[in-house]
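Below, chains carry the letters A, B, ... as their sequence lines are ordered, and counting in each starts from 1. Just so we're clear, the structure is a prediction, and the values are computed from it rather than from any experiment.
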There are 2 protein chains.
Amino acid sequence: MTLTVLLADDHAMLRSGMRAIFETQPDLQCVAEVADGRAAVSEVARLRPDVAVLDIRMPKLDGLGATEMILSDPANRTKVLLLTTYDSDEYVYRALNAGASGFLLKSLPPEELISAVRVAARGDALIDPSVTQRLIARFAVSLAPPPTPPELALLTAREREVLQLVAAAYSNAEIAAQLHVGDETVKTHVSRVLAKLGLRDRVHAVAYAHVNGLVQGRR
Amino acid sequence: MTLTVLLADDHAMLRSGMRAIFETQPDLQCVAEVADGRAAVSEVARLRPDVAVLDIRMPKLDGLGATEMILSDPANRTKVLLLTTYDSDEYVYRALNAGASGFLLKSLPPEELISAVRVAARGDALIDPSVTQRLIARFAVSLAPPPTPPELALLTAREREVLQLVAAAYSNAEIAAQLHVGDETVKTHVSRVLAKLGLRDRVHAVAYAHVNGLVQGRR
DNA sequence: AACCGGGTCCCCCGCACGGGGGACTTCCGA
DNA sequence: TCGGAAGTCCCCCGTGCGGGGGACCCGGTT
């Protein structure tokens with residue numbers, strides 16, 4: 001089974017270089033070459049290649065925009081590999097968000113470009129190692145639980161419980177009902193929480209709880 | 001400059017296989033072979049190899065635990081490559097959180113294992129393509145901006161501005177000072193915001209703003 | 001026995017807040 | 001030209017909230 005590839009880059013020389021690389025592989029067929037993003041989008045829609053190799057820097061529509069347009073159309077099953085000279089973080093995040101199957105630097109050895117096309121075609125993905133390192137770091141922090149501020153240890157269990165409810169925007173009366181205690185008790189707890197955390201009022205408490213991850217609204 | 005490698009796997013046969021692979025490379029030296037995670041940790045601390053290749057499944061301490069121990073010790077500069085037979089998502093996330101430089105399947109071709117060691121040694125990272133695909137999907141959702149609720153479009157620019165400040169726990173008077181308007185004006189804006197968003201009071205507004213990503217407290 | 005931290009409940013007081021009105025200006029589109 | 005939307009400012013009024021006291025009970029420590 002042969003894989004069809006579309007090449008998009010505004011440098012004709014680079015395109016022919018890549019085409020030459022692919023032609024060494026009997027199962028890879030370069031079905032189109034385009035020089036800008038808009039042409040890439042329309043040719044992908046017309047030819048439905050297995051893989052589109054897009055440069056990020058292109059006239060009219062850059063590779064990221066083209067990726068987004070291609071992948072947002074459910075009729076397309078084309079996988080997108082993005083190529084770039086510089087690996088700006090912003091590019092990477094946007095590319096991955098758009099659903100690209102690869103983010104590679106142009107310094108990639110030819111045989112790895114070939115393997116990348118095969119990887120993308122079978123639905124897997126790959127990212128240049130120099131980018132992966134930072135991606136992991138970013139991913140780790142995005143998964144890491146927010147650091148618990150030390151002053152939170154000053155609170156008793158009951159006070160933390162009340163703080164959670166305050167953060168959920170419940171009024172004192174509502175909290176009292178949920179905890180089956182009097183509302184005067186809740187007022188006492190809230191006052192202690194505010195004093196211990198150095199917060200002015202419950203509004204600050206709500207903000208504090210949210211920025212410190214005491215409320216898991218999605219994430 | 002030669003790179004030193006530590007191998008950790010509970011199967012002697014697999015270890016000798018990998019050692020044989022590395023011995024084809026004059027600049028790679030396999031300085032230790034261990035059969036469990038605890039030995040891996042202690043030998044890494046003793047020998048300080050450039051790269052440790054750890055199996056995930058190991059007696060006494062698994063590869064993930066060993067990774068965490070190795071990388072949490074700042075005295076170690078050893079990079080960690082994790083090898084596994086099955087690519088469970090949980091493994092991957094934990095490995096990346098611990099700061100591993102690679103997450104590879106044992107089905108990896110020998111030459112790619114060699115290249116992976118070199119990649120890790122120079123501080124980059126790489127992830128098996130079959131895992132990368134799912135990682136991207138997960139990463140994309142963790143980066144995706146929270147869907148903006150439609151009712152937010154009802155607000156005028158000024159009202160959104162005020163909402164931002166309310167969310168930052170400013171009082172009406174403080175907001176008035178920041179916007180150089182009277183506090184009665186702010187009250188009007190706040191009232192309109194509450195009415196348009198169907199919120200009871202500013203406390204709900206703060207919670208609303210945070211859960212809807214109008215405040216970027218980290219993330 | 002005395003002590004203390006945590007939890008519960010109570011009173012008073014000042015005030016920021018929010019609802020419900022109204023009013024004026026500017027600007028833009030019908 | 002006449003609206004209407006947006007922004008600004010004003011008054012009244014009720015109330016939830018938070019500070020400042022105090023009180024009681026319970027469990028554990030000293």
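Residues passing the salt bridge (charged side-chain N to carboxylate O under 4.0 Å, His left out) test with A/Arg118, sequence neighbours excluded: A/Asp27. Contacts of B/Ala8 classified as side-chain contact (heavy atoms from CB on, under 4.5 Å), with partners at least two apart in sequence or in another chain: B/Leu6, B/Val34, B/Ala40, B/Leu54, B/Met58. Partners of A/Arg38 according to the salt bridge (charged side-chain N to carboxylate O under 4.0 Å, His left out) rule, which considers only residues two or more places apart in sequence or in another chain, do not exist here. The side-chain contact (heavy atoms from CB on, under 4.5 Å) search around B/Asp183 returns B/Ala176, not counting sequence neighbours. With sequence neighbours left out, the salt bridge (charged side-chain N to carboxylate O under 4.0 Å, His left out) criterion links B/Arg160 to no other residue. A/Glu174 is linked by a salt bridge (charged side-chain N to carboxylate O under 4.0 Å, His left out) to B/Arg200, counting only residues two or more places apart in sequence or in another chain.
Among the heavy atoms of the strands lying under 4.0 Å from B/Thr185 is at least one base atom, whether or not backbone atoms are also near.
The list of side-chain hydrogen bond (donor to acceptor under 3.5 Å, both in side chains) pairs with a residue in residues 63-72 of chain B, not counting sequence neighbours, reads B/Glu68-B/Arg94.
Defining each end axis of the helix from C/dA1-D/dT30 to C/dA30-D/dT1 as the rotation carrying four pairs' C1' atoms onto the next four, with five pairs an end, the two axes are found to diverge by 30° to 10 degrees.
Rounding to whole angstrom units, CG of residue A/Leu155 and C1' of C/dG7 are separated by 15 Å.
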Encode nucleotides 16-25 of chain D as B, S and - characters from 5' to 3', where the letter depends on protein heavy atoms closer than 4.0 Å: B to the base, S only to sugar-phosphate, - to neither. -SBB------
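Annotation: of the two residues near DNA chain C, A/Val186 and A/Lys196, the 5′-most nearest-nucleotide partner is A/Lys196.
For the residue pair B/Asp124/A/Ser130, the side-chain donor-acceptor check at 3.5 Å is not satisfied.
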